[in-house]
Engineer: 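What follows is a single structure, and I will ask about it in a moment.
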Amino acid sequence: MRKKELFDRVIAYFEETMPIAETELDYQNPFELIVAVILSAQCTDKRVNQITPDLLKRFPTPYKMAEAEVAEVFDYIRSCSYPNNKAKHLVGMAQKLIELYDGEVPSDVDDLQKLPGVGRKTANVIASVVYNKPALAVDTHVFRVAARIGLSTNAKTPLATEIQLMKYIPEELVPKAHHWLILHGRYTCVARKPKCEKCGLTEICKYYQKEVAGK
DNA sequence: ATCCCGAGGG
DNA sequence: CCCTCTGGAT
């Protein structure tokens, strides 16, 4: 089956099974979204949403955040994972945002990646959500699910997956594909013991056919 | 106990 | 490439 046809089948399945509502990161502007996405690594959106109101009340702009003591930022974010790294990243990100871009969040993925704490995945989220660019953020879920179903082939890195998928996913479907692949990975196609018995994609899934059905 | 919606550094 | 950073959810 061609990749595009496979993708169409997957998207059709998600269309009829995926729930509409889902917890998402709260934010009011691009700066707040960068902060939230940096905090979200290995951490639930729910917890990030508990942290950001107080944090952003204290440091509402890049200019305030750039002058912050890392230790004080740490105190606000201590309940998310990697608070030490993230506190340094947030302050450094704000400083660089001012130094390079006059405090304005850039829309280009390469420009975004010059900011501390902003890697490929985070940059793609900002480009997609804030600027409506056709950017596919490949996190651990998208990476795993795409490989299992066969939407990617021999992709060793998230970037390789991103490049492969972007070749055949229509621009307008990128956000939807991204969101649904994540949800599928989080609730059904989980890392350890995927719940294939609850999955409607087994018929076309490479992983199921090889590892479960033994074909 | 074990895993997780990353990024940076060696 | 592999390691580390880390708390919280299950």
Side-chain angles (χ1 to χ4, degrees), chain A residues 14 18-27 32-52 54-55 65 70-97 100 105-106 109-130 135-149 151-152 154-163 165 169 174-195 198:
Chain A
F14 287 156
M18 280 296 175
I20 308 280
E22 180 60 27
T23 336
E24 284 179 1
L25 297 172
D26 297 332
Y27 66 97
E32 292 194 6
L33 182 61
I34 290 201
V35 171
V37 176
I38 287 176
L39 290 176
S40 72
Q42 311 282 53
C43 182
T44 61
D45 289 354
K46 190 180 169 187
R47 179 150 299 276
V48 173
N49 289 338
Q50 288 171 354
I51 291 173
T52 46
D54 288 341
L55 176 69
M65 186 78 78
V70 172
E72 191 186 352
V73 175
F74 176 90
D75 288 336
Y76 280 92
I77 68 172
R78 62 164 67 250
S79 67
C80 73
S81 287
Y82 315 137
N84 257 311
N85 288 346
K86 289 174 180 176
K88 287 178 204 158
H89 289 159
L90 288 176
V91 175
M93 180 275 290
Q95 291 172 346
K96 209 79 175 177
L97 201 55
L100 296 178
V105 176
V109 169
D110 292 324
D111 292 337
L112 284 161
Q113 282 190 253
K114 293 191 174 78
L115 302 169
V118 179
R120 181 92 195 169
K121 183 257 174 180
T122 301
N124 277 326
V125 170
I126 303 298
S128 171
V129 174
V130 176
L136 180 65
V138 177
D139 58 27
T140 176
H141 291 316
V142 176
F143 180 71
R144 178 182 66 253
V145 172
R148 282 185 177 160
I149 295 176
L151 292 172
S152 63
N154 296 328
K156 306 295 184 197
T157 65
L159 178 58
T161 298
E162 178 190 328
I163 292 170
L165 268 59
I169 297 182
V174 169
K176 200 175 267 192
H178 171 245
H179 195 209
W180 286 348
L181 286 169
I182 287 177
L183 292 181
H184 186 61
R186 188 187 302 166
Y187 297 119
T188 305
C189 197
V190 294
R192 193 107 158 63
K193 292 167 74 176
K195 301 169 182 174
K198 289 171 55 181

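A note on names: the letters A, B, ... follow the listed sequences, proteins ahead of strands, and every chain is numbered from 1. This one's a predicted model, so the numbers in the text were calculated from it and none came from an experiment.
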Engineer: What's A:V118 touching, base or sugar-phosphate or nothing? Going by heavy atoms closer than 4.0 Å.
Structural biologist: sugar-phosphate

Engineer: A:T140 has a side chain; which of C:dG8, B:dC5, B:dC3 sits nearest to it?
Structural biologist: B:dC5

Engineer: If you define the side chain from C-beta out and look only at heavy atoms, does anything of A:H141 sit under 4.5 Å from A:L181?
Structural biologist: no

Engineer: Rounded to the nearest angstrom, tell me the gap between atom CG in A:D45 and atom P in B:dG6.
Structural biologist: 10 Å

Engineer: Classify the ring geometry between A:F14 and A:H184 as parallel (under 30°), tilted (30 to 60°) or perpendicular (over 60°).
Structural biologist: tilted

Engineer: Which value, in whole Å, describes the distance between the P atoms of nucleotides C:dC3 and B:dC3?
Structural biologist: 16 Å

Engineer: Are A:R47 and C:dA9 close enough that a side-chain N or O sits under 4.0 Å from OP1 or OP2?
Structural biologist: yes

Engineer: When the distance from CD1 of A:I126 to P of B:dC5 is rounded to whole Å, what number comes out?
Structural biologist: 18 Å

Engineer: Categorize A:P158 for me: base, sugar-phosphate, or nothing, with a 4.0 angstrom heavy-atom threshold over every strand shown.
Structural biologist: nothing

Engineer: Set out, in order, the CA-CA distance, both residues' side-chain angles and the distance that settles side-chain contact (heavy atoms from CB on, under 4.5 Å) for A:L90 and A:L55, then state yes or no.
Structural biologist: CA-CA 11 Å; A:L90 288 176; A:L55 176 69; 4.2 Å; yes

Engineer: Kindly state whether the pair A:Y82 / B:dG6 counts as stacked, where counting means centroids closer than 5.5 Å and planes tilted less than 30° apart.
Structural biologist: yes

Engineer: Counting any heavy atom closer than 4.0 Å, what does A:A191 reach on the DNA or RNA strands: base, sugar-phosphate only, or nothing?
Structural biologist: sugar-phosphate

Engineer: Nearest to the A:H89 side chain among C:dG7, C:dG8, B:dG8, which nucleotide is it?
Structural biologist: B:dG8

Engineer: I want to check one thing: is the phosphate of B:dA7, taken as OP1 and OP2, less than 4.0 Å away from some side-chain N or O of A:T122?
Structural biologist: yes

Engineer: Less than 4.5 Å apart, side chain to side chain, heavy atoms only: is that true for A:H178 and A:S128?
Structural biologist: no

Engineer: Find the distance A:Q113:CD to B:dA7:P and express it as a whole number of Å.
Structural biologist: 8 Å

Engineer: Could you check how far CD1 of A:I51 sits from P of B:dC5, rounded to whole Å?
Structural biologist: 17 Å

Engineer: Rounded to the nearest 0.5 Å, what separates atom NZ in A:K96 from atom CG in A:D111?
Structural biologist: 12.5 Å

Engineer: Give the rounded distance in Å between these two atoms: CD1 of A:I34 and C1' of B:dC5.
Structural biologist: 17 Å

Engineer: Once you round it to whole Å, what is the distance between P of B:dC5 and CG of A:N124?
Structural biologist: 17 Å

Engineer: Between P on B:dG6 and CZ on A:R144, what's the gap in Å once rounded to a whole number?
Structural biologist: 11 Å

Engineer: Once you round it to whole Å, what is the distance between P of C:dC3 and CG of A:N85?
Structural biologist: 17 Å

Engineer: Of all the nucleotides listed (B:dC5, B:dG8, B:dC3), which has the minimum atom distance to the side chain of A:R192?
Structural biologist: B:dC3

Engineer: Side chain of A:S79, heavy atoms from C-beta onward: which of B:dG6, B:dG8, C:dG8 has the nearest atom to it?
Structural biologist: C:dG8

Engineer: Any donor-acceptor pair, under 3.5 Å, between the side chain of A:R186 and the base of B:dC5, if you only look at N and O atoms?
Structural biologist: yes

